[in-house]
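To start, the structure itself, in structure tokens.
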Amino acid sequence: MSGLPEAFASRVVRWQKTHGRHALPWQATRDPYRVWLSEVMLQQTQVSTVLAYYERFLARWPEVAALAAAPEDEVLGLWSGLGYYSRARNLHRCAQAVVERFGGEFPRSAAQLATLPGIGRSTAAAIASFCFGERVAILDGNVKRVLTRVLGYGVDLASAPAERALWDLATELLPRQDLQDTMPAYTQGLMDLGATLCLPRKPACLLCPVEADCVGAREGEPTRYPVKTRKLRRTAESLWLLHARKPDGAVWLEKRPATGIWAGLYCLPVYASRELLAGEHAHATLEDGEAFVHALTHKDLHLHPVHVATDRVARAGGGWFGRTEWEVLGLPAPVRRLLVDAG
DNA sequence: CATGCGTGGGC
DNA sequence: TGCCCAAGCAT
């Protein structure tokens, strides 16, 4: 391998220390609780979105035992709006597992971390490398882009063998010396390269510390990587939302089932058709609100609010919530928006 | 191995 | 504007 690995790693480390990001609120610590909290929030979520949520969580639960002792509904309430809500429920379960299985201290190896709920291979490696200097590779979206370009790795990562091979290559490229110092900077450096220079559409190769190593740059078309042949197939679905309000302004909400969309959140009653909704409220005067589209990654949800003024909803498992009550619940973003707009 | 799972931002 | 993308994981 012509000595590429060592040169590559030290270039990334040196660049991170001088040109990488150092001011993010979860970077000034090796406390695994804070690093874990940030890593889970950052899964498929951009830094700018996470910042406010991270500060609120840390202020509310300064350590893992406090989070473990919280009610799940309160965790979902603070997570509300961040998306991918299974992360919040796994976060809570993980905190409880750290307390119960590990006496309140996060385990110090990536292998042990990966046994905890919501911590997969990449998140485990991020925590272990940042906090404990372990020599383990992360492979998130940013790093996949950086490494496939540097290596000229032209196999579609949708195939599992291709992704396994890239994990192996990522491991070979890791630093080999002075790991307590180099591993945190290397891990952060790959993320920073992907987030600030090695961009999806317009990579800034002239500023890149590993341009000399980069097959994609040498070929003249780094944006060819990563290769993606599979096309995203979008679908659409219509849902009707019963917006029942009492004269005092309270709203009828139900906790959603533990699986599927918005699992565990509080929500207006959801129906697959106008007829199903109307059939359940034959005696009430229904007023159709303005439908709107809520876009998910794979699906457009066409949401149809149906307003009804009543103080009786004949459904099991829900309840009336006044504004100060529903404001702090975990609500789907479009439902929160609808309730806020309705006053 | 493929799919489901949120939301917001960039171009 | 319709895509693509974002510090992925669980099933």
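Chain A is the first sequence line, chain B the second, and so forth, proteins listed ahead of strands; every chain is numbered from 1.
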(request) Name the orientation class of the two ring planes belonging to A:W36 and A:F106 (parallel below 30°, tilted from 30 to 60°, perpendicular beyond 60°). (result)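 Ring orientation, 0 to 90° scale: tilted.
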(message) Using the P atom as the point on both nucleotides, what is the distance between B:dG8 and C:dC9, in whole Å?
(response)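 Result for the P pair: 22 Å, nearest Å.
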(request) Among the candidates B:dG6, B:dT3, C:dC4, find the nucleotide nearest to the side-chain atoms of A:R201. (result)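 For the A:R201 side chain, the nearest candidate turns out to be C:dC4.
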(message) Heavy atoms from C-beta onward define the side chain here; which of B:dT3, C:dC5, C:dG8 lies closest to that of A:P200?
(response)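 So the side chain of A:P200 is nearest to C:dC5.
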How close or far is atom [atom2] of [N] from atom [atom1] of [X], stated in whole angstroms?
X: A:L265; N: B:dG4; atom1: CG; atom2: P; answer: 20 Å
X: A:Q46; N: B:dC11; atom1: CD; atom2: C1'; answer: 13 Å
X: A:H92; N: C:dC9; atom1: NE2; atom2: P; answer: 21 Å
X: A:H294; N: B:dG9; atom1: NE2; atom2: P; answer: 13 Å
X: A:K202; N: B:dC11; atom1: NZ; atom2: P; answer: 9 Å
X: A:R87; N: C:dG8; atom1: CZ; atom2: C1'; answer: 9 Å
X: A:Y225; N: C:dC5; atom1: OH; atom2: C1'; answer: 21 Å
X: A:L51; N: B:dT7; atom1: CG; atom2: P; answer: 19 Å

(message) In the structure I gave you, are the side-chain heavy atoms of A:L42 and A:Y54 within less than 4.5 Å of one another anywhere?
(response)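 With C-beta onward as the side chain, the pair stays apart.
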Categorize [X] for me: base, sugar-phosphate, or nothing, with a 4.0 angstrom heavy-atom threshold over every strand shown.
X: A:A158; result: sugar-phosphate
X: A:T297; result: base
X: A:W36; result: nothing
X: A:L296; result: base
X: A:G194; result: nothing
X: A:K144; result: nothing
X: A:L24; result: base
X: A:T45; result: base
X: A:A126; result: nothing
X: A:R234; result: nothing
X: A:R233; result: nothing
X: A:P226; result: nothing

N or O in side chain of [X] less than 4.0 angstrom from [N] OP1/OP2:
X: A:W262; N: B:dT7; value: yes
X: A:Q44; N: C:dG8; value: yes
X: A:Y85; N: B:dT7; value: yes

(request) Is it possible for you to check whether A:R56 lies under 6.0 Å from the centre of the six-membered ring of A:Y53, through NZ or CZ, and within 45° of that ring's axis? (result)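 Yes, A:R56 and A:Y53 form such a contact.
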(request) Cation-pi check, A:R315 to A:W252: give yes when NZ or CZ is under 6.0 Å from the six-membered ring centre and within 45° of the ring axis, no otherwise. (result)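 A:R315 over A:W252 ring: no.
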(request) With DNA chain C as reference, determine whether A:I119 or A:S38 sits nearer its 5' end, using the nearest nucleotide of each. (result)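 Result: A:S38.
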(request) Could you tell me whether the side chain of A:S48 has a donor or acceptor atom within less than 3.5 Å of a complementary atom in the base of B:dG9? (result)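 Checked by distance alone, the answer is no.
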(request) Examine distances only and state if a side-chain atom of A:R87 and a backbone atom of A:V40 form a donor-acceptor pair shorter than 3.5 Å. (result)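 Answer holds: yes.
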(message) Taking the basic N atoms (NZ, or NE/NH1/NH2) and the acidic carboxylate oxygens, is any pair closer than 4.0 Å for A:D156 and A:R230?
(response)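 Salt bridge absent between A:D156 and A:R230.
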